[in-house]
Visitor: 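Submitted below is the structure of interest, expressed as structure tokens.
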Amino acid sequence: MRSSLLAMSGLIGPQVRRAAAAMVQWPELPRRSWVPASRAGAALVACRGTRRHHATRAGGRAPPAPLRAAAGLRPPSRGFSTGGVGPIKQMTGGEVIYRMLAEHGVDTVFGYSGGAVLPLIDAFHGKPIKWITSAHEQCSGHSAAAYAKSTGKFGISIVTSGPGITNLVTPLQDALTDGVPVIVFSGQVPTSAMGTDAFQECPATEITRPCTKWNYVCLDFNSLPWAINEAFRIATSGRPGPCHIDLPKDIVSMKAQVPEAVFRKSSRSSADAAPMMDMAHIQRAAELINNAKRPVFYVGQGANHCPEILKKVVEKANIPITTTVHAMGVFDERHPLSLHMLGMHGAAYANFAIQNADCIIAVGSRFDDRTTGVVDKYAPKARAAEAAGTGGIVHINIDRNSFGKVLKPTVGIWADSEHALQALEDLIETRDAPAREEWVEQCQQWKKDYAFGYVKPPNGLIKTQQVIEATNNYLQKSGLMDSKDVFICTGVGNHQMMSCQFIRWTKPRSMITSGSLGVMGAGLPFSVGTQVANPDALTILIDGDGSFNMTNMDLQTIVRYNLPVKIAVMNDSRQQMVWIWQRLFFEGRYISVDNVNPDFVKLAQAWGIEAVQCSTEADLPGVVERWLTHDGPMLVDFKVVPDICLPMVAPGKALDEMILLEDREAIFGKSEEELGSFKFEGLAPS
């Protein structure tokens, strides 16, 4: 059993083996640190003594002396003396975890019950921290992520052992790739059963290691405060991301005399300080920006916390700005300098600006493949300007590993985006030179010439683009977009990209979606987490029928907590984006893309949710208004005509080698039965 336990902990070495053996063989524990009353429920004095700590990830080391002190844990000086540590109170491990969460400002957790995690969730009974029961563990993970995405706070998910934690793998990976500070606590079988293939046992930390910034299996009651502080610290240090703590049932059930000092210390635990900026790099970046004739800002979610200083710098420099999907709204898209979202299905005018700019200022972005096209053809004018010493690429990012991962910047500034922009503001010059003015005018002309559009279907039917356009029109004309916090959540597919295109985003953190991982089914639980985090906001879910089918059981969570989410299902009975790729790259050989859907109106009504269907252009404005003003949750089944999402940058193409609306017939064909004349080669998009 010892070797199995070590395999689960991911540890090697004789000292670690001896430590693990000591933890399994309870009678061998040092008397001065522990007072075992029984093997099943030891009464522990945790005010002084400590035991070794086990982690399963680089950086998840045993806590050194300074960290033990920071967590209120100190080596024993004499027996069980509590002199100088203040009041002590008997608490279970679950109660310690609850108190630690409260000290860290947590007010909501999302989870699902189960036997192995009962000692922890029992601590929430009758307490102020709100427990939200999701329909499925995956939903709880996505809801926790949306809570974090929409607020900038921590998202917390608590699940049981075995399938409970394996169901969290997708939300964890999504949070890792999208940079979301989620902390997951999972139950585990008792330490005596670990490694025996016990009921609902799995090597949890081994499974979550690749999809977390840090994880830890807690084999020691005394390590609980340190481990929780460490998870909160790591989750928000540098680029945010998820952490996972695995909790054996017997450890969380134990009782100890816990000093108040443990919690006073934890309340001061925080993320690591931001990097200190190299001012020579700031000065060099300012010179490049000031001297550039055709600069453009390319902004990612790393700037979502500092829209005010971003706006000041952009306006002072008079430079057009484009954003990634997660940064939409960080700069009001109604502003004349906004070029909206760039990338594979982004604005043609944004892509043209990137490819023609002599200086690209990347702020809090990471040059994801969806925003670059083929890298060898990316930013040719900026690279030429770099060679001439008159421009190049300025990259500002808090994650040092991002520099050179995709492309090497001319100037890399390792810093928090806000700090870098503050430092640049005084050095940036307001440019009204003819060349800069011509550049701004050129970008404005591209916006007019290549505006987002679509071909209306015949007979007064509707497309997804029309529904989203009508939604945006109502939000803008009614003043809701300015007078109220509006969040729009999506699944993944055509509806997601069309939402990016036809909504004019005005505030950061208002688009809640799965970016890098592209998780179908995340939309509904995202809307749950967003509405819970922002109870007075208008939360809208724009989902596809394929995505909605994957997690529509979470409608029960909408009903359980009476969440007034407005749900739109774009129902074309297809996985349309994949259908398009099969049409373009596989000569119309369609497989596994047709959806067999329920009656979504009756499904919602079965849960007691107001629901209607809309299929015509004549009914659209009235249905949208009724939907968005309904007092409570409401679902609309929009029966839409399938379409291709344009513009599109095909694989292997440069960012400005786009399929545009004017190319639609040659690419798509005149009808579904007739393929287009243009033939595609190479790999279809992923």
Side-chain angles (χ1 to χ4, degrees), residues 177-179 213 236-241 271-292 294-306 309-310 313-314 317 319-324 326-327 330-331 342-343 353-355 357-429 516 655:
T177 53
D178 278 355
K213 287 184 72 177
T236 51
S237 293
R239 186 175 191 261
D272 293 344
M276 294 181 287
M277 286 181 294
D278 186 333
M279 289 307 295
H281 291 171
I282 292 288
Q283 184 67 48
R284 177 59 178 151
E287 291 173 0
L288 291 177
I289 295 169
N290 289 335
N291 293 328
R294 302 181 308 279
V296 64
F297 275 95
Y298 154 55
V299 180
Q301 70 169 340
N304 274 346
H305 63 296
C306 57
I309 185 62
L310 176 66
V313 172
V314 169
I319 295 176
I321 174 174
T322 182
T323 68
T324 65
H326 290 307
V330 70
F331 189 86
L342 82 164
I354 288 287
Q355 293 297 83
D358 60 359
C359 182
I360 298 171
I361 309 104
V363 183
S365 49
R366 60 187 181 89
F367 298 100
D368 178 82
D369 66 291
R370 284 296 200 263
T371 69
T372 62
V374 63
V375 175
D376 289 344
K377 297 181 180 180
Y378 181 73
K381 302 292 180 63
R383 291 182 175 183
E386 177 186 31
T390 58
I393 298 174
V394 176
H395 191 187
I396 300 169
N397 205 293
I398 200 168
D399 181 6
R400 199 172 193 172
N401 295 325
S402 67
F403 302 128
K405 180 180 285 188
V406 177
L407 55 86
K408 184 178 179 181
T410 311
V411 179
I413 300 175
W414 181 35
D416 182 280
S417 296
E418 184 174 18
H419 298 168
L421 290 169
Q422 288 170 341
L424 282 169
E425 184 186 12
D426 291 337
L427 301 176
I428 292 290
E429 299 174 1
S516 185
L655 195 60

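If you're wondering where the values come from, they're calculated on a predicted model, not measured in any experiment. In what follows, residues are counted from 1 in the order of the sequence shown.
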Visitor: Show the nearest heavy-atom pair for residues Thr410 and Gly392, with the distance to one decimal.
Guide: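 Closest approach of Thr410 to Gly392, heavy atoms only: OG1-CA, 3.2 Å.
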Visitor: Working to the nearest 0.5 angstrom, can you tell me the gap between Arg294 CZ and Ile319 CD1?
Guide: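 Answer for the CZ-CD1 pair, Arg294 versus Ile319, is 13.0 Å.
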Visitor: Grab the two heavy atoms, one from Thr371 and one from Tyr298, that are nearest each other, plus how far apart they are.
Guide: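 Here Thr371 and Tyr298 meet closest at OG1-OH, 3.0 Å.
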Visitor: Without swapping roles, check the side chain of Lys213 against the backbone of Ser237 for a donor-acceptor pair under 3.5 Å.
Guide: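 Flag set: sc Lys213 to bb Ser237 pair under 3.5 Å.
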Visitor: What distance separates Arg239 CZ from Asp178 CG, expressed to the nearest 0.5 Å?
Guide: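 Between atom CZ of Arg239 and atom CG of Asp178 there are 7.5 Å.
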Visitor: Say you draw a straight line from CG of Asp416 to CD of Gln422; how long is it, rounded to the nearest 0.5 Å?
Guide: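 CD of Gln422 is found 8.5 Å from CG of Asp416.
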Visitor: Between the side chain of Thr372 and the main-chain N/O of Tyr378, is any donor-acceptor distance below 3.5 Å?
Guide: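 Looks like no, no N/O pair under 3.5 Å.
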Visitor: Is there a donor-acceptor contact under 3.5 Å from the side chain of Trp414 to the main chain of Asn397?
Guide: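 No; judged by distance alone, with no hydrogens or angles, the pair does not exist.
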Visitor: Could you pull out the closest heavy-atom pair between Thr324 and Gly300, with the gap in Å?
Guide: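 Scanning both residues completely, I find the closest heavy atoms to be OG1-CA, 3.4 Å.
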Visitor: Any idea which heavy atoms bring Glu425 and Ile309 closest together, and the distance?
Guide: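 Residues Glu425 and Ile309, closest heavy atoms: OE1-CD1, 3.3 Å.
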Visitor: Is Val363 close to Val313 at the side-chain level, that is, under 4.5 Å between some pair of heavy atoms?
Guide: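 Side chain of Val313 against side chain of Val363, heavy atoms only: no contact under 4.5 Å found.
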Visitor: In Å and rounded to the nearest 0.5 Å, what is the CD1 to CD1 distance from Ile396 to Ile361?
Guide: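 Reported value, rounded in 0.5 Å steps: 8.5 Å.
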Visitor: Are Glu386 and Arg383 close enough for a salt bridge, meaning some N to O gap below 4.0 Å?
Guide: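 Salt bridge between Glu386 and Arg383, a charged N being under 4.0 Å from a carboxylate O: no.
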Visitor: With heavy-atom distances below 4.5 Å as the criterion, would you say the side chains of Ile413 and Asp278 are in contact?
Guide: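 No. Closest side-chain heavy atoms not under 4.5 Å.
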Visitor: Considering non-hydrogen atoms only, spot the tightest contact between Cys359 and Ala382 and give its length.
Guide: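 Shortest heavy-atom contact: N-CB, 4.5 Å.
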Visitor: Quick one: pull up CD1 in Ile321 and CG in Leu310 and give me the separation to the nearest 0.5 Å.
Guide: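 That separation rounds to 4.5 Å.
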Visitor: Looking only at heavy atoms, what is the nearest atom pair of Cys306 and Leu421, with distance?
Guide: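 Answer, listing the atom of Cys306 first, then Leu421: SG-CD1, 4.1 Å.
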Visitor: Mind checking whether Glu287 and Gln283 have side chains closer than 4.5 Å, heavy atoms only?
Guide: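 With C-beta onward as the side chain, the pair touches.
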Visitor: Quick one: CG on Asn304 to NE2 on His326, what's the gap to the nearest 0.5 Å?
Guide: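 Answer for the CG-NE2 pair, Asn304 versus His326, is 9.5 Å.
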Visitor: Under the 3.5 angstrom rule, does the side chain of Glu429 hit a backbone N or O of Asn291 as a donor-acceptor pair?
Guide: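 Side chain of Glu429 to backbone of Asn291, a donor-acceptor pair under 3.5 Å: no, none is there.
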Visitor: Quick check against the 3.5 Å criterion: does His395 have a side-chain atom that pairs as donor or acceptor with the backbone of Arg366?
Guide: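 No; zero donor-acceptor contacts below 3.5 Å.
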Visitor: Tell me, do Ile428 and Asn290 make a side-chain contact under 4.5 Å, heavy atoms counted?
Guide: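 They are in side-chain contact.
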